[in-house]
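Below is one structure, written out as structure tokens, with a few remarks after it.
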Amino acid sequence: MNLVLETPPESLADLILRQVCDHLRVEFGGSLPTDKAYILSCIRAAVSRLDGNKGRLGRCLLTQEWTLYLDCFPTCIELPLPPLQEVIHLKYLDTDGDLQTLDPSAYRVSGAGSWRPEIAPAYGETWPDSRFVADAVQVRFRAGYGDSEENVPPPILQAINVMAAHFYEQRQPIAFSTPHEIPLLACGLIAPFRIYR
């Protein structure tokens, strides 16, 4: 299995800068704070710890497109990084080595709003024969809560606030008084949203 980001999301850090500044009690006023660049880097660090394929949540926050590469058709294709918005296309290398696009009527998508969206053959259908090579099956999909920070669940946004504040205040690589990689409050906020596979 190989997972490739095709279309990155909008910058969540830019969208929530004012919210994080309020959380930090940093004056925003009519002008930007003097350490805006550092605050943005703290927010980006917090978002990157949670979002996408390498994120702790195992899900997408804002809308983004990914391609999942598989060596063959499994019984059921489990799509990572919920919430799933849509399957854009499902392609495969046929036995002659030609790239084919599978008609959407030949498969069904279930659990789009769940923690575990899946693609399976439609009723009465079977997966076509594919060439036995690496990355023979390609599933392009769109995932994420939406295009705006307003679509992201409030506990996740609050966890980003807490993490960004932690990074902003703890500027040293090791702080013996607070040895947690992610503050416990943030861990509690994201716990219900984490995907365990």
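None of these values were measured; they are calculated from a predicted model.
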Can you confirm whether [X] sits close enough to [Y] that some side-chain heavy atom of one is under 4.5 Å from a side-chain heavy atom of the other?
X: L99; Y: D94; answer: no
X: W127; Y: L102; answer: yes
X: R59; Y: I195; answer: yes

**Request:** Assess the side chains of Q64 and T7: does a donor N or O sit below 3.5 Å from an acceptor N or O?
**Result:** no
**Fill in**
The residue among F132, Y69, Y107, F73 that forms ring-ring contact (aromatic ring centres under 6.0 Å, His included) with Y92 is F73
**Message:** Angle between ring planes, Y168 versus Y38, binned at 30° and 60°: parallel, tilted or perpendicular?
**Reply:** tilted
**Message:** More than 12 heavy atoms of other residues, nucleotides or ligands under 6.0 Å from CD of E118: yes or no?
**Reply:**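 Atom CD in E118 is crowded, with more than 12 foreign heavy atoms closer than 6.0 Å.
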**Message:** For D129, I'd like to know if atom CG has over 12 heavy atoms of other residues, nucleotides or ligands within 6.0 Å.
**Reply:**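 No.
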Throw together a table of side-chain donor-acceptor distances under 3.5 angstrom for residues 151-164, partners on residues two or more places apart or in other chains.
unit_1	atom_1	unit_2	atom_2	d
N151	OD1	D147	N	3.4
N151	OD1	S148	N	3.1
Q158	OE1	N161	ND2	3.3

**Asked** Remaining members of I88's ILVMFWY cluster at a side-chain heavy-atom cut-off under 4.5 Å?
**Response** none
**Request:** Kindly say whether F167 contributes a backbone atom to a donor-acceptor pair with the side chain of E169 at under 3.5 angstrom?
**Result:** no
**Request:** Report the C-alpha distance between R56 and D51 in whole Å, list the side-chain angles of each, state the deciding distance to 0.1 Å, and finish with yes or no for salt bridge (Lys or Arg N to Asp or Glu O under 4.0 Å).
**Result:** CA-CA 7 Å; R56 191 167 185 148; D51 187 35; over 6 Å; no
